[in-house]
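Working notes, beginning with the structure itself.
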Amino acid sequence: MKTSLDHSRQTLGRFGALCRERGIPLTVQRRTILELLLQRSDHPTADEIYDAARKLLPDISRTTVYRVLETVVRMGLVRKVSHPGAAVRFDPIPGPHHHLVCGRCDRIFDLDDAASEKIAVKIPKRKDFTIDDYSIYFRGLCAACRNQKKGRDA
């Protein structure tokens with residue numbers, strides 16, 4: 001399995017190549033936003049990436065961050081993940097995988113379990129719809145929220 005550093009380097013390389021191929025300037029803002037996302041494993045929202053980007057690039061606009069995130073999603077380098085009632089989050093691992101969702105704080109975690117890859121899902125075929133991808137979300141409480149709950153119950 002690739003390390004996150006290997007994945008980041010490969011993704012940044014692909015990003016540069018895709019930008020050149022599509023005639024999109026590879027700006028400091030675009031590279032910084034993608035680097036910030038690739039450094040995280042917590043599936044941040046666009047606003048969380050914006051807050052982090054402002055620390056490095058104080059003049060960056062929220063609109064720029066949103067546009068860059070949409071661009072890297074369209075390029076297939078990043079995946080949007082969401083569940084009902086929560087903000088859209090961005091996943092730096094675009095390939096198929098499943099997630100754990102905390103029902104209290106709405107954080108999303110990758111489910112890194114080989115057994116989850118073997119989950120059999122019978123997907124009905126429909127003539128009016130083609131399925132390109134799917135993800136299974138397991139809901140529960142993350143460790144931080146469980147610990148908070150224990151502290152209140154004590």
Side-chain angles (χ1 to χ4, degrees), residues 1-114 116-119 121 123-140 142 144-145:
M1 183 172 194
K2 285 184 185 171
T3 67
S4 61
L5 183 59
D6 290 340
H7 172 74
S8 293
R9 285 183 182 150
Q10 182 182 23
T11 301
L12 288 168
R14 284 187 54 218
F15 181 54
L18 287 169
C19 284
R20 285 188 296 280
E21 196 177 283
R22 297 175 186 196
I24 299 170
L26 183 54
T27 63
V28 170
Q29 292 89 344
R30 288 187 177 114
R31 186 170 174 88
T32 299
I33 291 165
L34 183 56
E35 285 174 344
L36 287 169
L37 181 57
L38 292 171
Q39 292 168 5
R40 298 181 64 154
S41 61
D42 62 345
H43 304 75
T45 64
D47 287 336
E48 290 170 334
I49 292 294
Y50 169 69
D51 291 341
R54 287 210 46 214
K55 291 176 184 168
L56 300 172
L57 305 167
D59 294 333
I60 197 165
S61 72
R62 187 179 306 272
T63 301
T64 297
V65 172
Y66 276 76
R67 284 183 183 153
V68 170
L69 289 170
E70 288 301 324
T71 298
V72 295
V73 167
R74 278 194 311 276
M75 289 178 166
L77 301 173
V78 170
R79 180 182 193 175
K80 277 187 184 180
V81 291
S82 61
H83 57 95
V88 170
R89 293 178 174 272
F90 294 87
D91 189 342
I93 302 172
H97 61 283
H98 306 305
H99 294 98
L100 303 170
V101 178
C102 181
R104 180 172 291 146
C105 68
D106 287 326
R107 290 190 334 190
I108 298 174
F109 305 87
D110 289 328
L111 180 58
D112 298 323
D113 186 337
S116 72
E117 305 279 327
K118 297 176 183 163
I119 296 171
V121 178
I123 301 172
K125 295 191 184 217
R126 292 182 53 163
K127 292 178 184 176
D128 60 341
F129 195 85
T130 302
I131 297 172
D132 297 323
D133 187 22
Y134 72 93
S135 177
I136 298 172
Y137 292 86
F138 296 91
R139 295 190 63 80
C142 69
C145 289

Checklist entry - Do the non-hydrogen side-chain atoms of Leu56 and Leu36 ever get within less than 4.5 Å of each other? => result yes

Item to check | Flag side-chain contact, heavy atom, 4.5 Å: Thr32 against Ile60 | outcome: no

Next on the checklist: A side-chain contact here means heavy atoms from C-beta on lying under 4.5 Å apart; do Pro25 and Arg30 qualify?
Outcome noted: yes

Checklist entry - Taking side chain as C-beta onward, heavy atoms only, is Met75 less than 4.5 Å from Ile24? => result yes

Next on the checklist: As an exercise, state the distance from NE2 of His43 to CG of Asp106, rounded to the nearest 0.5 Å.
Outcome noted: 13.5 Å

Checklist outcome for this item: Checking Lys80, His97, Arg79 against Asp91 for side chain to side chain donor-acceptor pair (under 3.5 Å), the one that qualifies is His97

Next on the checklist: Within a 6.0 Å radius of atom CZ on Arg62, are there more than 12 heavy atoms belonging to other residues, nucleotides or ligands?
Outcome noted: yes

Checklist entry - Do Phe90 and Arg40 have side chains that get closer than 4.5 Å, going by heavy atoms? => result no

Next on the checklist: Can you confirm whether Arg67 is buried at CZ, in the sense that more than 12 heavy atoms of other residues, nucleotides or ligands lie under 6.0 Å from that atom?
Outcome noted: no

Checklist entry - Rounded to the nearest 0.5 Å, how far does CG of Leu12 lie from CG of Leu38? => result 5.5 Å

Checklist outcome for this item: Here the gap from Tyr66 atom OH to Asp47 atom CG, rounded to the nearest 0.5 Å, amounts to 3.5 Å

Checklist entry - Is there side-chain contact between Leu34 and Val78, with heavy atoms separated by less than 4.5 Å? => result yes

Checklist entry - Does Gln10 offer a backbone N or O that forms a donor-acceptor pair with the side chain of Arg14 under 3.5 Å? => result no

Item to check | Atom pair CD (Gln39) and OG (Ser8), whose distance is rounded to the nearest 0.5 Å | outcome: 7.5 Å

Checklist entry - Closest heavy-atom contact between Pro94 and His7? => result CD-CE1, 4.3 Å

Checklist entry - Can you list the steps and then say if Leu77 with Leu18 is a side chain to side chain contact (heavy atoms under 4.5 Å, CB included)? => result CA-CA 10 Å; Leu77 301 173; Leu18 287 169; 4.1 Å; yes

Checklist outcome for this item: Separation between CG (Leu57) and CD (Gln29), nearest 0.5 Å, reads 6.0 Å

Checklist entry - So, for Arg139 and Cys102, which heavy atoms are closest and what is the spacing to 0.1 Å? => result NH2-O, 4.5 Å

Checklist entry - Is the Phe138 ring parallel, tilted or perpendicular to the His98 ring (thresholds 30°, 60°)? => result perpendicular

Checklist entry - Sequence neighbours excluded, which residues qualify as side-chain contact (heavy atoms from CB on, under 4.5 Å) partners of Ser61? => result Thr63, Thr64

Next on the checklist: For a 4.5 angstrom cut-off between non-hydrogen side-chain atoms, does Thr45 reach Tyr50?
Outcome noted: no

Item to check | Distance, nearest 0.5 Å, that separates CG of Leu69 from CG of Leu37 | outcome: 6.5 Å

